[in-house]
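See below for the structure under consideration.
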Protein chains: 2
Amino acid sequence: MIEQSGRRERKKAATRQKIADTALRLFLERGYDAVGIRDVAAEADVAVTTVFAHFASKEALVFERDQDFEQHLTRAVTDRPPHEPLIPALHREVQALVRHCTAEGSAPVRRMIEGSPALREYEESMSLRHAQALAAALTADPHLSRSATVCRATARFVIDAYALACRADDPGATVDEVFRMIKAAWEATAP
Amino acid sequence: MIEQSGRRERKKAATRQKIADTALRLFLERGYDAVGIRDVAAEADVAVTTVFAHFASKEALVFERDQDFEQHLTRAVTDRPPHEPLIPALHREVQALVRHCTAEGSAPVRRMIEGSPALREYEESMSLRHAQALAAALTADPHLSRSATVCRATARFVIDAYALACRADDPGATVDEVFRMIKAAWEATAP
DNA sequence: AAGATAGCCCTAACCGTTAGGATTTCACAA
DNA sequence: TTGTGAAATCCTAACGGTTAGGGCTATCTT
C-alpha cells in the first residue's frame, strides 16, 4: 500500500491512456452520441467496468486533462512571486489556457463539445469546480485580505472570462476585455 | 391549430401540474435518488412516456418554474423605464429572486438540490441558459451601446451573483457585495 | 357528422452506470 | 522461491433514465 515500485503504476497509466485515446478517436470518427461505452471498451480491449474504474463517466473521457487545468489556475495564484499583483497574474494564465484550448488541433474537439448538450453541461459543472478551487486559493492568500464573497465572485468571473473566450471569435481580445472588467471589480473591493 | 378553445389546454396543464406536484412531493418524502420516474408516473397515474412529454428529464421536474425566472430577469432589463440605469434595476431584481429562493418554504427543496450532484449540475446548465438570455437582452438594449463581449460577461456576472447568494449565509448582503463589483466592472466599460 | 390532430397509453428496448463476486497480476517479505 | 495480500481487471446481470414505435380516445375544426 505504500509506494509501488513501477510496473503496476505504469500498466495502470497505460490502460487509462489507451482508453482515453481510443475513446477520443472513436468520438471524433463517428460522433460522440454514436459511440457507446461498450464500443469504447471493446475497441480498447478492456471490460466496461474497467473504463469506469478509470473515468467517472462517459463525458469524463473527453476532459481527460481536467486536473491540469485546475492546477495551472490555482498555481497562478499560489506560486506567483510575493507582492506580485493578483489580477495580471490571473490574466496571463487565462490567456495561456485560452490559447491552449483554441489551438489548431483542438478545433474538432471543441466542435464536438459544442455539438453535444451532455458535454456542454459537463464542462459547465467542471468549470464550477474550478471556480471553487480558485476561490479557495484566493481566500487562502495572505496578501489579499478580501472577504470570502469577493474571492468567490472573482473566481467565478475569471472562469467566465475563460468560458466566454473559448467560444469567442477573437479569444485573445475577449480575455483582455473581460479582464478589464474584472480588474475594475476587484479594485472596487480594496480594503 | 391556432387557439384551442380551452378544454384540451386545461387538461394538458392539469396533467403537467399533477406530475410536477406528485414528483416534488415524492422527492421530498423519500429523497430524490430513491424515487424513480416509474414511481412518479405510477403515483400521478400517468404513463412514463407522458412524464417525458411534459418534462425533458427527471431533473426538470424539480425546476418547474425555470421559465418564470428567466422572464423576470430579462424583463428587468427590457421593461425598465427609459433611461433608468441598468445596474440598479438588475440589482433589485436579483435581490427579489434571491429572496424568493431563500424563503422559508424553499429550504427543503434547496437542501434536496444541494444534496444531489445531478440536480446541481442541471441547475448550473440552467443558469448558463439564463445568462445567455440576459446577454441577448443586454445586447438588444439601444441605450446601452456596449460590445457583445461586455454584455455577455455582465450577464454571467449577474447570474454568478444570484448563484453565490442562494448558497450564502447572508444572501442579501452577498447580492449587495457582488453588485458593487458588477457596478465597477460595468462602469469601467463606459463608451 | 367526419376527418384531423393532440394528448395519452403500452411495450420493448437502448445505453450509461453499478453491484457482486471471480480471477489475474504484481509487490514484497518470509 | 514461494506464499500472501492487495490492486487491477474481468464477467454477468441488473437498475434507472430515456426513447422509438405504434395504437387509442377525446377534442377541435369544418
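A, B, ... follow the sequence lines: proteins, then strands. Residue 1 opens every chain.
- Atom P of nucleotide C:dC14 and atom CZ of B:F52 are separated by 18 Å, given to the nearest angstrom.
- The side chain of A:T50 places no N or O atom within less than 4.0 Å of a non-bridging phosphate oxygen (OP1 or OP2) of D:dA8.
- A:V35 comes within contact range of the sugar-phosphate backbone alone, with a heavy-atom separation under 4.0 Å but no base atom that close.
- Residue side chain B:T49 reaches the base of C:dC10 through a donor-acceptor N/O pair under 3.5 Å, judged by distance alone.
- Between B:K12 atom NZ and D:dA26 atom P there is a gap of 19 Å when expressed in whole angstrom units.
- Between A:H83 and A:H143, the ring planes are tilted. Angles from 30° to 60° get that label.
- Atoms CZ (A:R8) and P (C:dT25) sit 11 Å apart, rounded to a whole Å.
- Using a 4.0 Å heavy-atom cutoff across all strands shown, A:V51 reaches no nucleic acid atom at all.
- Taking 4.0 Å as the cut-off between side-chain N and carboxylate O, A:E124 and A:R120 do not count as a salt-bridged pair.
- Looking only at distances, no side-chain donor or acceptor of B:R38 sits under 3.5 Å from a matching main-chain atom of B:G36.
- With hydrogens and angles ignored, a donor-acceptor pair under 3.5 angstrom links the side chain of A:R38 to the base of C:dT17.
- For the OP1/OP2 pair of D:dT9 and a distance below 4.0 Å, the side-chain nitrogens and oxygens of A:H54 include at least one atom meeting the criterion.
- Within the structure, a side-chain polar atom (N or O) of B:K11 is placed less than 4.0 Å from OP1 or OP2 of D:dT27.
- Among the atoms of the strands shown, only primed sugar atoms or phosphate atoms (P, OP1, OP2) are found under 4.0 Å from some heavy atom of B:D45.
- As judged by a 4.0 angstrom heavy-atom cut-off over every strand, B:V46 is placed among residues touching the sugar-phosphate backbone only.
- Annotation: cation-pi pair B:K58/B:Y122 absent, no NZ/CZ under 6.0 Å from the ring centroid and within 45° of its normal.
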